[in-house]
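A quick write-up on the structure given underneath.
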Amino acid sequence: MSEVSSLPWAKTDAGNAIGLYAKPGLDLSGKIAAALQRLQDASIQHGDGLIQSSSLGVEDMVITDLIARHRLTIDIATLDTGKLHAETLGLLPQIEARYGLKVQVFQPRNEQVIAFVRREGDDAMFKSIELRKACCGLRKLEPLARMLAGRSAWITGLRREQSGARAEVAFDEDDGQGRRKISPIADWSWAEVWSYVEQYALPYNALHDQFMPSIGCAPCTRAIAVGEDFRAGRWWWEDSSKECGLHAKS
Ligand code: SF4
């Protein structure tokens, strides 16, 4: 038996992520209608204060598609940490061409990155959890704070199925920083996500075809193995919660 066929949530008869994970004939209409209603409600409630913070992962591609397909006036933004895969960044022009939308890109402060790398090395994340978190802090958390400045709510692609740490994710919750965090597909399964991708022919990160269900920075992401959690490929060398702090509550 091949490694792929052993994955508990994978089929055996196809070579890409849609073939592996989408379920033929799955009726998604109820899940789509409910997710759309959550986005519409949030848009009415928060107006210009609402933004989608997209990781460019497949869940966020579904949400961007819902926003664009239904012409919701919700800004879309992403973080370019300076360590992303080319495949991830390659989605930006695809989104812009397909939907005619401009994705706002937030990057870390150059001087902070240069000083950190000079002091700790380019491989600092592997030296200790503290240094890994410091790298996430300056490459992710600081630009995220700028992304969310002046906003009252943000939209994420979190799903309860992704990990034990995310099992309680609510559709609308306090982010611990005085904002609402909206996760409209929190109750979707992996099969439902990929069935949506198939149904609407969405662009997606080609690394999902290589057994990377959760894609972060290139040095800190690897493919997962048989029976591992969705986020097991993130900071795989650590015995940690597999979170970078973007979704931590203070
Ligand atoms: S995921 Fe890795 S490279 Fe990216 S910010 Fe965190 S430690 Fe740095």
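Just follow the structure's listing: the first ligand is 1, and inside any ligand the first atom is 1. Since we're looking at a predicted model, the values are computed, not measured.
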Per-atom contacts of ligand 1 with Arg139, taking only distances under 4.0 Å to non-hydrogen atoms
5 (S), 8 (Fe)
Per-pair distances, 0.1 Å, donor-acceptor, side chain in residues 193-200, under 3.5 Å, sequence neighbours excluded:
residue : atom : partner : partner atom : Å
Ser195  : OG   : Lys23   : N            : 3.0
Ser195  : OG   : Ala191  : O            : 2.8
Tyr196  : OH   : Asp65   : OD2          : 2.6

Is Cys136 close enough to atom 6 (Fe) of ligand 1 that one of its N, O or S atoms comes in under 2.8 Å?
yes
Under a 4.0 angstrom heavy-atom cut-off, which atoms of ligand 1 come close to Met125?
3 (S), 7 (S)
Any heavy-atom pair between the side chains of Leu84 and Ile215 that's under 4.5 Å?
no
Check: Ser152/Arg179 side-chain N/O donor and acceptor closer than 3.5 Å:
no
Which residues share a side-chain hydrogen bond (donor to acceptor under 3.5 Å, both in side chains) with Ser43, sequence neighbours left out
none
What part of Lys140, side chain, backbone, both or neither, has a heavy atom within less than 4.0 angstrom of ligand 1?
side chain
What is the ring orientation for Trp190 with His208, classed by angle as parallel under 30°, tilted 30 to 60°, or perpendicular over 60°?
perpendicular
Which atoms of ligand 1 have any heavy atom of Arg132 under 4.0 Å away?
7 (S)
Contact partition for Cys220 relative to ligand 1, non-hydrogen atoms under 4.0 Å
side chain
